[in-house]
Amino acid sequence: MILRRPLLSLLSAIAFVIMLGPVVILLGVAFTAGSTLTFPPEGLSLRWFAAALEYRPFIDSLGTSLVVAVLSTAAALALGIPATLALQRGAVPGKAFIENLFMTPIIVPELVLGLALFQQLMVGFNITALGTLVIGHTVLLLPYTVRVVGASLALADPRLEEAARGLGAGPVRTFFSVTVPVMRPGIISATILAFITSLNNVPLSLLLTGPGVATLPVEMLNYVQSSFDPVVAAVSVVLLALSVAVALLTERLVGFNKVFGR
Amino acid sequence: MELTSRNTVRLLLLPGLAVLLFAFLYPVAATLAAPPDGDPATVARETGALLTDPNLLPVIARTIRVSVLTTLICLVLGFPTAYLISRAPARWSGKLLALAIFPLMLNTVVRTYGWIVVLGGNGVLSTASQALGLGPVQLLYTETAIVLGLVQLFLPLMILSSYSSLSQQDPRLEDAARGLGAGPSRVFRQVVFPLALPGALVGCTLVFAGAVTAFTTPQLLGGSRERILSTLLYSRVNVSLDWPAASAVALVMTVLVLVVAALSGRLSKRGSTTS
Amino acid sequence: MTPVVQLDGVGHRFGSAANGVAAVSDLDLAVRRGTFTTLLGPSGCGKTTTLRMIAGFIRPTSGRILLEGTDATDTPPERRNIGMVFQSYALFPHMTLTDNVGFGLRARRRPAAEVRKRAGEALELVGLSHAADRKPGELSGGQQQRVALARAVAIEPSVLLLDEPLSNLDARLRVQMRQELLRVQRETGLTAILVTHDQDEALQLSDTMVILNGGRLEQQGDPRTVFPAPANRFVAQFLGYDNFPEVPGFGPVTIRPEHVRLTAAVTGEEAATDSVELAGTVADVTYQGSHCLIGVDTAGGRLNCVHPGDDFRPGEAVRILLPRHRLVELADAHTPAGAR
């Protein structure tokens, strides 16, 4: 393939270098013994990992990020699954319009949504930063849960449910013994995707900060803009390792490409 | 019985719609029309100023230029990558695709941070260039840096969208074209690319919209010197605390994204009816 | 005369040389100009791999392929001048029929006027001139197959390669398209190689049929020679023989059900010297109107016969007469493939 397609292979090699090169370089920077952002590293040490652990805002914001990710993922599932059930099985008039409505949070720039929530909810209704973060992330994740769970439901034959009813199962029994198992892969995929999306978000979370409340990526961004030591590289490597672990887990559960390849 | 159960099922939509209304539609509409310390007239005035101010027009132009360049480079690099992945042996294609998607799991600070090390004044690139006797290069805080960072950010989206079109193509079409005497480049130009155009178009839309609205990467790699709309919006809110002006930037940004999304929707619809 | 296509000890292994799987082993084949050859065998027998090697989509791992007398083993498909018709049709969905059919000529950089003229002629040959400006998606399966044929013929290939082109069509259309295929091949005088798993198709179309199994050649020849005299049990079974009785005085043999004669056990009729006689018991009778299919158990195994009357019932003892000249002696009834 590479020999037969020299130009395409070259372009795709460049693509992979651009996608992964900067991340690989961080690995080197994080383990440096020196105190500047240089590559290759000046000797090896773990000092920047220790420094990252000692920096309070990172630990605090990691807590905030996890709380926000867990709550908003749960809320987006709790709102999204019933909505997608109604859309797929309820013969809703204007189905296409409502489906598109649920997708609109993806189209509006996140920074704009963040600004809007900051102005209208935080300032306007006096909701706390943490509360607004959870609400904002819930809105951001809702399209993912509706679409991903909906996709698994749309693929399943609605006659399965009719068959169950025909065999004498009541609506509740049918729901739990047929509909839920059919949705399960979609729910697992949506949960992983939503959780990661929330954890990584910057633009929406950027303006939704309060005293002692900020998400980890935003705290990392602030740190990078004010200091030039490799602490954030160390944090990045920790996140990278966690992502690899999550990726492997995802691969075992439902298939990595299925979850993130949409 | 059937009717009532249908109606109960429909009720399940309500909580989601309520949250969408309260936490999305209302705040966004309110902010775009009239922020807390302004009214529609102020936002309109600010938008007019933004679109005529000689100091701000370059920001809009830069935003569009950076986004177009990012989209084109992503297409040129991402489509061939998706093609090679889709035509690789099965045991390779899954792994290559996973490798291309994996960066999506990392936050943008992690993904962009490496560029500072590469492009900075003492960076990898500059050191290499000095070693070659070409003198230092400072790409950090330039448009080039922003484009590079955005290309890195959005290549996975282009690869995924193109891949989903390419992997559905009957591989026999390429065999047929080659059997009829077409060399690899003719096959690519006349068969593979035209048929995968819908996917590539979706990819272009996603990349363009992403590039227009991206914040972290232009903030870190462009700084305050090379502002684009998103970083301008942030400074309006956080530095100059000028909310109506922020709303005006938000409005321009949103309209830009919506126009492009609508255009590409049009294009792909036309494409699907003619082919 | 130089064969149009010649395979010299061609083999193909998938995977590594050490632990790969041989799809085709040591195959020799010579295809004469203007003839219709079929590669026949069950799925996985290597017939499609062989065709794709001739087309150049797969490189043989051993042996040579000669096209028009010159070694083409390393020639890429686009420089082999082959016309290929695929099972999935593989028509370009974004092009009109004219553009599809003219694709090969455009790839050869022929002038636009010539491309249009010859594409038109090819479409006319398959009776689709009226649909020239439509796109493949608007056509039925049978029509799409005709376009695929026209597209392959338009470039005046040195050989027409057909990869199970009829297997996606329904039974009635398939029979109709066979005639069509034969007509086009005769009218154009092209050399054709067809891959199929359908013995009827092979019998009807071939000048030469090549029967493959497990990547090896089992038998080849004119259908009129091969059909009455299958070389071994595999070929016999594949051609629809299902009687493999043990007959005293013979090695492995087979016989077609319509050649087996049954008479009542009690008639004192003399055994004819030109037949072998066996004793048996009727096991089952299937009524078919003009005849009955009767299964008879003998000491040498089950025999199926086509019997003109309906005068036997299960459990009856019968005499079975096997005309000697109808018994086909097989080379290797029980030796496993590969031991040959």
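Being a predicted model, the structure only gives us computed values, none of them experimental. Numbered from 1 within each chain, the chains take letters A, B, ... in sequence-line order.
Annotation: maximal heavy-atom pairing with chain A below 4.5 Å, among B:L251, B:V212, B:V237, occurs at B:V237. No other option in A:L242, A:I135, A:V232, A:V244 has as many heavy-atom pairs under 4.5 Å with chain B as A:V232. When each of B:V110, B:L96, B:T213 is checked for heavy-atom pairs under 4.5 Å with chain A, B:V110 comes out on top. When B:A250, B:A209, B:P103, B:A98 are compared by the number of non-hydrogen pairs under 4.5 Å with chain A, B:A98 comes out ahead. Counting heavy-atom pairs closer than 4.5 Å to chain A, the top residue among B:F79, B:W115, B:F22 is B:W115. Listed options B:T127, B:N238, B:L97, B:V124 were ranked by heavy-atom pairs under 4.5 angstrom with chain A; first place goes to B:L97. For the set A:A78, A:P105, A:P203, the entry with the most heavy-atom pairs within less than 4.5 Å of chain B is A:P105. Annotation: maximal heavy-atom pairing with chain B below 4.5 Å, among A:G136, A:A75, A:G80, A:A233, occurs at A:A233. Between chain B and the options A:V235, A:L117, A:I14, A:T197, the largest number of non-hydrogen pairs under 4.5 Å is found for A:L117.
For the residue pair A:Q120 and B:T31, a side-chain donor N or O sits within less than 3.5 Å of a side-chain acceptor on the partner.
Across all non-hydrogen atoms, the minimal contact from A:V139 to B:A23 is CG2-CB, 3.5 Å. Residue A:A86 comes nearest to B:L13 through the heavy atom pair CB-CG, 3.7 Å, listed as atom of the first residue, atom of the second, then distance. When all heavy atoms are compared, the tightest approach of B:V109 to A:P217 is CG2-O, 3.6 Å.
Of the possible donor and acceptor atoms, one in the side chain of A:N257 sits under 3.5 Å from a partner among the backbone N and O of B:G94. Checking side-chain atoms of B:N107 against main-chain N and O of A:L199 turns up no donor-acceptor pair under 3.5 Å.
Between B:Q219 and A:Q225, some side-chain heavy-atom pair lies under the 4.5 Å cut-off. Using a 4.5 Å cut-off on side-chain heavy atoms (C-beta onward), A:L79 and B:L20 make no contact. Side-chain contact between A:R5 and B:P80 is absent, with no heavy atoms from C-beta onward closer than 4.5 Å. A:V112 places a side-chain heavy atom less than 4.5 Å from the side chain of B:L32. The closest side-chain heavy-atom distance from B:F24 to A:L142 is not below 4.5 Å. Using a 4.5 Å cut-off on side-chain heavy atoms (C-beta onward), B:M105 and A:F256 make contact. Counting heavy atoms from C-beta on, the side chains of B:F102 and A:L240 come closer than 4.5 Å.
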Exercise for the section: Applying side-chain contact (heavy atoms from CB on, under 4.5 Å), run through A:F16 and B:L155 and close with a yes or a no. Expected result: CA-CA 9 Å; A:F16 274 105; B:L155 262 173; over 6 Å; no
Exercise for the section: Evaluate the criterion side-chain contact (heavy atoms from CB on, under 4.5 Å) for residue pair B:L17 and A:L101; output intermediate values, then yes/no. Expected result: CA-CA 9 Å; B:L17 285 176; A:L101 197 63; 3.8 Å; yes
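For B:L106, the parts sitting under 4.5 Å from any heavy atom of chain A are the backbone and the side chain alike. Contact annotation for B:V76: both backbone and side-chain heavy atoms come within less than 4.5 Å of a heavy atom of chain A.
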Considering only distance and modelled atom types, tabulate donor-acceptor pairs under 3.5 Å from the side chains of residues 18-32 of chain A, sequence neighbours left out.
residue, atom, partner, partner atom, Å
A:T32, OG1, A:G34, N, 3.1
A:T32, OG1, A:E42, N, 3.1

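Taking the six-membered ring where the residue is Trp, A:F118 and B:W243 present perpendicular rings, their angle passing 60° and hence far from 30°.
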